Amino acid sequence: MSDTQTRDFIRQIIHDDLESGKHSEIVTRFPPEPNGYLHIGHVMSICLNFGVAAETGGRTFLRLDDTNPGRESEEYVDAIKRDVHWLGFDWEDRLTHASDYFEQLYDSACRLIEMGHAYVDSLSADQIREYRGTLTESGRNSPYRDRGVAENLDLFKRMRAGEFADGEHVLRAKIDMASPNMNLRDPALYRIRHIPHQNAGDEWCIYPMYDFAHGLSDAYEHITHSLCTLEFEDHRPLYDWFLDQLEPAHRPRQIEFSRLNLAYAVTSKRKLNALVEEGIVSGWDDPRMPTIAGMRRRGYPVAALREFVTRAGVTKKDKLIEMGVMENCVRETLGDEAERRMAVLKPLKVVLTNYPENKVEMVEAMNHPARPELGTRDMPFSRQLWIEQDDFMEDAPRKFFRLKPGGEVRLRFGYIIRCDEVIKNAAGDVVELRCSYDPDTRSGTGSSDRKVKGTIHWVSCEHAIDASVRLYDRLFTEANPNSVSDIHGVLYPQSLETVNAKLEPALQQLAAGQAVQFERLGYFCPDEKDDSVDARVINRIVTLRDSWAKLEKQAMQQQV
RNA sequence: UGGGGCGUAGCCAAGUGGUAAGGCAUCGGGUUUUGAUCCCGUGUAUCGCAGGUUCGAAUCCUGCCGCCCCAGCCA
């Protein structure tokens with residue numbers, strides 16, 4: 001990053017620390033708890049932590065913050081590693097766990113006891129809550145607060161040895177029960193949990209709390225800048241308190257930034273988990289989920305995600321970013337990269353009455369209008385074609401320049417056709433169009449320059465491939481579902497629509513994870529789990545921008 | 001009614017005492033065999049409000065208002 005560019009406030013601090021010589025190398029860490037899948041909010045943190053280190057030639061640790069074995073699991077550890085890698089970041093040999101430091105943490109706790117800064121409390125959880133006071137009233141000292149050093153040390157050792165049941169005792173820091181900052185009212189340091197740990201096995205039955213473990217882990221790893229979200233801001237005095245008391249060789253600095261919230265998406269782990277548990281979505285990687293796994297399966301490119309968090313910025317202001325920003329990032333990267341193909345999502349049959357019965361000709365179609373080097377492909381053209389239902393309207397408004405009775409339209413890369421007859425079923429639905437084509441208008445030939453207002457996409461019936469296409473939309477009707485206590489009331493029932501689509505033959509070769517643009521519709525890619533050569537299952541990543549749909553919507557609103 | 005943080009256009013966001021960048025959205029227009037892309041143009045922002053300091057304030061001071069976070073043996 002050049003000096004003339006503006007830096008966010010964290011990069012500014014880091015820049016200053018390098019310039020002043022406070023640090024010669026920047027070391028950061030991304031510290032997820034393995035109790036759920038990573039989501040869009042984590043993308044921000046990952047890009048920030050790995051980004052600032054990479055930009056300054058520093059290093060970043062991927063540290064699994066696994067201090068609460070009751071809700072952590074191997075599955076989440078694996079998913080986290082996969083997701084960070086997929087985003088393009090490499091921790092090399094710096095994959096660590098808070099649990100790697102349990103022994104050192106235990107020693108530090110003993111030292112705190114020896115210094116008279118920690119004690120074993122034997123109050124119950126409920127009693128501790130009572131003694132803590134409220135936001136406006138100070139707390140009271142526990143009757144066990146003045147136990148002697150020897151007794152505390154003995155009890156703590158016996159806690160570790162497994163002599164007590166869960167909840168019988170807890171190790172607490174001795175700070176200030178009258179502090180206006182609740183975090184300083186003798187916070188818990190260790191609790192007893194007789195359950196095995198995903199990484200440490202059953203070596204321990206006492207586990208450190210986040211506040212105690214986090215800052216010290218940062219110190220052990222020589223982290224220079226410990227970046228976290230705003231809700232930890234009033235933990236910083238506690239973070240610093242541990243460093244002040246224990247004086248580790250390296251002193252990290254905690255800096256807080258605001259979380260990134262995406263409109264119409266939840267990032268609360270509890271709510272994400274509920275969506276999965278209750279079967280509202282198919283899993284953590286459901287393409288509608290704002291999880292990294294979900295977005296990957298949906299087909300969002302890494303470059304788009306990284307661009308998105310860059311556009312969101314790093315500040316301390318609460319933010320709720322419009323879905324359109326994300327969609328645009330996806331469109332921009334895919335617009336450049338994705339080859340074009342044709343597919344019909346909601347088919348309507350067109351018969352070209354003046355086209356020979358058994359004739360098939362190949363028309364040449366460009367793979368990318370702005371990148372001729374990507375070449376062309378041949379598409380079969382024949383008497384019976386599928387077109388999009390939305391591309392025909394019986395009583396069309398003046399500005400509708402697609403097919404209408406008596407009207408003309410160009411078939412992309414093919415001929416101009418005219419709609420002569422509309423066939424309906426008994427219910428009055430349009431089931432087929434009889435059209436005639438103009439043989440002089442074949443695309444690319446000398447006489448093909450006759451102009452018509454509209455161009456529509458099509459697929460030859462005889463050659464079409466059937467596919468199940470999943471059309472995704474937002475999961476919620478509420479812009480900020482994070483703020484809603486019961487998400488069930490704000491679920492969007494149409495978040496998934498599956499259609500039986502018709503694909504052009506070249507799509508047979510579409511590989512897993514390969515995104516293409518279906519012309520005039522949007523960007524699509526095969527589903528990484530459900531797609532197969534025999535039964536294609538394709539996800540819609542995002543629609544194309546659609547100014548016609550916008551006009552229609554405005555017209556509707558004006559009528560109301 | 002304790003403590004901490006934040007308030008610049010619809011959504012993000014620069015700006016750090018010298019007269020409000022940029023992006024996305026919006027709205028016009030042009031090009032176009034994707035109503036896409038691309039290209040042009042488009043914003044009376046009382047810089048949360050009110051006072052004060054100053055030749056000069058989004059930037060400094062005071063008071064107020066609004067929003068977010070904290071009373072887990074969660075992170």
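Since we're looking at a predicted model, the values are computed, not measured. Letters go in sequence order (proteins before strands), and every chain restarts at 1.
Each of G2(B), G35(B), A71(B) was ranked by its minimum atom distance to the side chain of Thr136(A); first place goes to G2(B). In the set C74(B), C24(B), A71(B), C74(B) carries the atom at the smallest distance from any side-chain atom of Arg193(A). Closest to the Glu33(A) side chain, of the nucleotides C73(B), C74(B), G5(B), is C74(B). In the set A75(B), C24(B), C6(B), the nucleotide with an atom closest to the side chain of Tyr210(A) is A75(B). Residue Asp234(A) has its side chain nearest to G4(B) when only C24(B), G4(B), C74(B) are considered.
At a cut-off of 3.5 angstrom, counting only N and O atoms as typed in the model, there is no donor on one side facing an acceptor on the other between the side-chain of Glu137(A) and the base of G2(B). The base of G35(B) sits within donor-acceptor range of the side chain of Arg402(A), with an N or O pair under 3.5 Å. You won't find any donor-acceptor pair under 3.5 Å spanning the side chain of Arg545(A) and the base of U37(B), going by distance alone. Side-chain N/O atoms of His457(A) and base N/O atoms of A36(B) include no donor-acceptor pair closer than 3.5 Å.
Taking atom CG on Asp176(A) and atom P on C70(B), their separation rounds to 21 Å, with Å as the unit. In this entry the distance linking CZ of Arg412(A) with P of A36(B) reads 13 Å, nearest Å. Computed from coordinates, the Leu64(A) CG to C74(B) P distance equals 19 Å when rounded to whole Å. At whole-Å resolution of the value, OH in Tyr190(A) and P in A75(B) are 12 Å apart. Between the P atom of U33(B) and the OH atom of Tyr437(A) lies a distance of 22 Å, rounded to the nearest Å. Straight-line distance from the NZ atom of Lys317(A) to the P atom of A58(B): 17 Å, rounded to whole Å. Look at CG on Asp8(A): it is 14 Å from C1' on C12(B), rounded to the nearest Å. Note: CZ (Arg410(A)) to P (A36(B)) measures 19 Å, nearest angstrom.
Using a 4.0 Å heavy-atom distance criterion, Leu320(A) is classed as a sugar-phosphate-only contact. Within the nucleic acid shown, Ala370(A) has no heavy atom closer than 4.0 Å to any nucleic acid atom. Within the 4.0 angstrom heavy-atom criterion, base atoms lie near Arg71(A). Among the heavy atoms of the strands, none lies under 4.0 Å from Ser179(A). Within 4.0 Å (heavy atoms only), Ile321(A) reaches sugar-phosphate atoms of the nucleic acid but no base atom. Counting any heavy atom pair closer than 4.0 Å across all strands shown, Gly335(A) reaches no nucleic acid atom. When heavy atoms are screened at a 4.0 angstrom cut-off, Met342(A) is found touching no nucleic acid atom at all. Among the protein residues, Tyr207(A) comes within range of no part of the nucleic acid, since none of its heavy atoms lies under 4.0 Å from any strand. Among the atoms of the strands shown, none is found under 4.0 Å from any heavy atom of Pro237(A). At the heavy-atom level, Lys550(A) lies under 4.0 Å from the strands shown only through sugar-phosphate atoms. Heavy atoms of Phe518(A) sit nowhere under 4.0 angstrom from any nucleic acid atom.
One finds no side-chain N or O of Thr455(A) lying less than 4.0 angstrom from the OP1 or OP2 phosphate oxygen of U32(B). Of the side-chain N and O atoms in Arg132(A), one or more sit less than 4.0 angstrom from OP1 or OP2 of C73(B). Between Ser443(A) and U33(B) there is no side-chain N or O to OP1 or OP2 distance below 4.0 Å. Side-chain nitrogen and oxygen atoms of Arg520(A) include at least one within less than 4.0 Å of the OP1 or OP2 phosphate oxygen of G35(B).
Contact check on Arg140(A) versus Glu130(A) returns no salt bridge, with no Lys/Arg side-chain nitrogen under 4.0 Å from an Asp/Glu carboxylate oxygen. Here Arg442(A) pairs with Glu361(A) in a salt bridge; the nearest charged N to carboxylate O distance falls below 4.0 Å.
Here Trp548(A) counts as stacked on G35(B): its ring centre is under 5.5 angstrom from the base ring centre and the planes meet at under 30°.
No donor-acceptor contact under 3.5 angstrom links the side chains of Gln517(A) and Glu519(A), judged on distance only. In summary, the side chains of Ser122(A) and His169(A) do present a donor paired with an acceptor at a separation below 3.5 Å, with no hydrogens or angles considered. Judged by distance alone, the side chains of His214(A) and Asp65(A) do bring a donor and an acceptor atom under 3.5 Å apart.
Tyr415(A) and Phe381(A) have tilted rings, their planes meeting at an angle from 30° to 60° on a 0 to 90° scale. Classified by interplanar angle (parallel below 30°, tilted 30° to 60°, perpendicular above 60°), the ring pair Phe212(A)/Phe242(A) is perpendicular.
Annotated as anti: G52(B), whose glycosidic dihedral deviates from 0 by more than 90°.
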